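Protein chains get the first letters and strands the later ones, always in sequence-line order, with residue 1 at the start of each. Worth saying up front: this structure is predicted, and the values here are computed from it rather than measured.
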Amino acid sequence: MDHNMLAEMLFPHIQDTPADIEARYPARKLAEGAKVTRFAPSPTGFVHFGGLFPSTVAERLPHQSGGVFYLRIEDTDAKREVEGAAEGLIKTLATYGIRFDEGAILDEEGKISDKGDYGPYKQSMRGPIYQTYAKQLVREGKAYPCFTTEEELDELQQVNKKEEIKNTDWQVEAEKRREEMLARRQFTMEEVKAHLDAGHPFVIRILAEGDAEKKVKFTDLVKGALEFPENDEDFVLLKSDGIPTYHFAHAVDDHLMGTTHVIRGEEWLPSLPKHVQLFSYLGFKLPKYMHIAQIMRLDENGNKKKLSKRDMGANMDDYTRMGYSPEAVCEYVMTLLNSNYEEWHAKNIDKPYTDFPFNIKKMSVSGCLFDFNKLDDVSKNILSRMTAEQVYEKLVAWATLFDPDFAKVLTADREKALTILSIGRGGKKPRKDLCTWADAKPYMGFFYDEYFEIVDPYADFDRETIALVMKKFLETYDPKDEMSAWFDKIKAIASELGFAADMKAYKQNPTAYRGNVADVSSFIRVAVTGKQNAPDLYTVMQILGEETTRARVTKAMMAL
RNA sequence: GGCCCGGUGGUCAAGCGGCUAAGACACCGCCCUUUCACGGCGGUAACACGGGUUCGAUUCCCGUCCGGGUCACCA
C-alpha cells in the first residue's frame, strides 16, 4: 500500500503540509506559568448551569496567571446548530463575568468576529487545517478512509440502541461489530479509486494501534492519577463533509492555539485514551487536563442525575428571570468550585470573588447537587451588603424587563424608593429581606397605594376592640413624635384597654391581660401595611407620612 | 454488559494513620424583640458494607454494594 498515493487520492486539494500550518501558529509568548484556556461550546442552545461551572474555572485560571482565555466555537455539527445560539452564549456568559481575551467574540454591532492571531475560531472555518493533518496521518499510515455508510453502521451498531441495552449480549455484539470494522481496514488502491470515482462519501478513521489489554497511565489535575485501557477503536477523525469530529478538532486546535489547560466536564474522561493516542500520532505535546465533576440534580426516584438542559435551574437565563443577581450565582459557583472560598470570603467580605486565589487542588472530585437553599443564602448576603442605590439600580433594571409596572412605580419617585430600600441597610448587621429582585414587590409593595391591600387577617380579637385601638391611635398619633414617645403612646393605649404594655409582665402572668402590646401593634400594622409582618412600624409610618398613615388606619377602622 | 469516575450528616464539605470527626446551608429550640428581618446561644444529624495492612484506620490495599458517566460521521 502506497500511503502517499492514497493521501493524494483522498486529499488532492490539500497542498499545505503540517509544517506550513505550524509556521502560521507560532508558540505564544507568555510568561512562565501563564495559563491558556478556552471555552469551546457548540452553538446548540443556551448556556446552562453545567456549562457555567467549567467555564468559570477556565476564566479564572488564565486571568489569575497572566494568560489568555479564548472562545472557540465548535460548530462541527451542522445538524444540531441553532441560529443565534453562539451570540446568546456569549452574552449570557458576559453577564456572569466570563469575558474573553481572544476568539470568536462579539464586535460593536453584536456580531461574532475573530479577535486574535490563532483563528479562525469557528471550527467550521478551519476545514483545510484539519484536512492537512488528516492527510499527513494517512500518509503515515495512521489513518485511513472508510466508505461504510451510516446506514450500514446503524445495522452493525444495534448494540448501541439505548432501549436494547439490557436485553443484548454486549460482549458478543460488540466483538462482532469490532471484527466487522477491523475488516474494513483492509482495502486496495483499486477499491478506493472505484469508490472515489463513483463519488462515494468517506470518513477518515484513525488506525488505532492501541491494545486494550494494556493500560495508559495519566494524571488529571483534578482527578489525580488515572489508568485506562489503550484505545483500540478506529474512531472517526474527519466526517464525510470534511469537518472533524470533536476528538480531532480538539487535538488540532488546542495544539495550534496553544492551550495549556483543557478544562471540561468529566463526561469526557472515557474518551481520554483517544485523545492521548491522537496527540501522540500527531506528535503534539499533550496539554494538561482538568475534568470537572458534574452538577447533579435529583430525579423523581431520588437518584442523582447529571444536570442537563430542560432541568429546573439549568438555563442561566432562568436565574435572570427569577431575579437572582449574577454576583450571587457567581459566588455560589465559587463555593462549589473551591471548598475554601467561603472561609476566604468571610475574611475578605468586601472583596469581589475575582480576588479569591482560585486553587485547582481545592476542587471537588465528586459531583454535587444543586442547592437552592445555599444559593438563596449567598444571594441574601450579597444583596444585604449592597447600598440602597445599588439595589435600586439593579432592581429597576430587572423590573423594567420583568415587571414594567413596578419599574414605573419605582422610578416615579426615586427618593421614596431609596428611603424604603435603606431600611435596615448599612452597618454590620443589615436586614436580609431580599433574595431575588422578585422578592422586592411583596416586601415593599405596601408602601405604594398601587399595591397596598390588606393581605393578612387581623388577629383573633373582637372587631370592636380592634376598631377602638385604631380610633385611639388616630387621636394620639403625632408624626413629630420620636420613636420612644410614639411607642409610649401605643403602650398607653394597650394599658387603657386591658392589654399588657410590658412583655415581661405579660409573660409572667398572661391570663391577667386581654393580650399584650404586640397584639395592639399588630392591629395597627395590618391596617397600615396590610401584613402581619413588616419592618419597624414607626419607620414605615415616617416614610408613608401622616396623611397616608391616617387614611389607611381610618379606612381599616371603617371597614371593621 | 464493558470501561471509567465517585461514596464523610438532608445539601456543600474539612480531614490527608492517632481528633470528643471542623465549618457553612437547611431544619429544630432558646434568647434579643411591639411583628418581621438581623443578631446571639444551643440542638438533631455522617465516615456505605466486608475483609485485610497496621500497635492503631474515615484516612492505605482488595472485594461487595450503591450512585454517576460513557460506549455515534453529537459535542
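The CG atom of A:Asp376 sits 10 Å away from the C1' atom of B:C25 (whole-angstrom rounding). A:Lys380 has its NZ atom 12 Å from the C1' atom of B:C36, to the nearest Å. Separating the NZ atom of A:Lys362 from the C1' atom of B:A13 is a distance of 10 Å, rounded to the nearest angstrom. Rounding to whole angstrom units, CD1 of residue A:Ile423 and C1' of B:U35 are separated by 14 Å. With rounding to whole Å, A:Met334 atom CE is found 18 Å from B:C12 atom P. Atom CD of A:Glu230 and atom C1' of B:G2 are 17 Å apart (whole Å). Between A:Lys504 atom NZ and B:U33 atom P the separation is 5 Å, expressed in whole Å. Taking atom CZ of residue A:Arg525 and atom P of nucleotide B:C36, one finds them 8 Å apart after rounding to whole Å.
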Identify every side-chain donor-acceptor pair in residues 499-510 of chain A under 3.5 Å, counting partners at least two apart or on other chains, and give the distances.
unit_1: A:Asp502; atom_1: OD2; unit_2: A:Lys504; atom_2: N; d: 3.3
unit_1: A:Asp502; atom_1: OD2; unit_2: A:Ala505; atom_2: N; d: 2.9
unit_1: A:Asn509; atom_1: OD1; unit_2: A:Thr511; atom_2: OG1; d: 3.2

Name each donor-acceptor pair under 3.5 Å that joins a side chain in residues 48-56 of chain A to protein atoms two or more places apart or in another chain, with its distance.
unit_1: A:Ser55; atom_1: OG; unit_2: A:Gly51; atom_2: O; d: 2.9
unit_1: A:Ser55; atom_1: OG; unit_2: A:Leu52; atom_2: O; d: 3.0
unit_1: A:Thr56; atom_1: OG1; unit_2: A:Leu52; atom_2: O; d: 2.7

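In summary, the aromatic rings of A:His247 and A:Phe235 are positioned with their centroids under 6.0 Å apart. Taking the ring centroids of A:Tyr289 and A:His291, they lie under the 6.0 Å cut-off.
At a threshold of 4.0 angstrom between heavy atoms, the contacts of A:Tyr246 include nucleobase atoms, whether or not backbone atoms are also involved. Residue contacts shown for A:Met483 include a base, since a base heavy atom lies under 4.0 Å away. Nucleic acid contact class of A:Pro535 (heavy atoms, under 4.0 Å, all strands): base. Within the 4.0 angstrom heavy-atom criterion, base atoms lie near A:Glu150. Among the protein residues, A:Ser384 comes within range of no part of the nucleic acid, since none of its heavy atoms lies under 4.0 Å from any strand. A:Thr148 comes within 4.0 angstrom of a nucleotide base, judged by non-hydrogen atoms across all strands. Base engagement by A:Val203 is indicated by at least one non-hydrogen atom pair under 4.0 Å involving a base atom.
When the nearest nucleotides of RNA chain B are assigned to A:Asp241 and A:Ala518 by heavy-atom distance, the more 5′-ward of the two goes with A:Ala518. Nearest-nucleotide assignment on RNA chain B puts the 5′-proximal partner with A:Ser366, out of A:Ser366 and A:Ser339.
In this structure, A:Phe228 does not pack face-to-face on the six-membered ring of B:C3, missing the 5.5 Å centre cutoff or the 30° plane limit.
Between A:Lys432 and B:G39 there is a side-chain polar atom (N or O) within less than 4.0 angstrom of OP1 or OP2. Between A:Lys215 and B:C4, a side-chain N or O to OP1/OP2 separation shorter than 4.0 Å is present. The phosphate of B:A75 (OP1 or OP2) has a side-chain N or O of A:Thr76 nearer than 4.0 angstrom. Phosphate proximity of B:U34 to A:Lys491: absent, as no side-chain N or O sits under 4.0 Å from OP1 or OP2.
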Completion exercise
Base-pair string, RNA chain B, Watson-Crick plus G-U, cut-off 3.5 Å on both distances, | for inter-strand, is ((((((((.[[[..)..(....]]].(((((.......)))))....[[[[[..)....]]]]])))))))....
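Side chain of A:Glu342, nearest nucleotide from B:A24, B:U34, B:U70: B:A24.
Interface remark: the A:Ser240 side chain does form a donor-acceptor pair with the B:C73 base, using a distance-only criterion of under 3.5 Å. Side-chain N/O atoms of A:Arg431 and base N/O atoms of B:C36 include a donor-acceptor pair closer than 3.5 Å.
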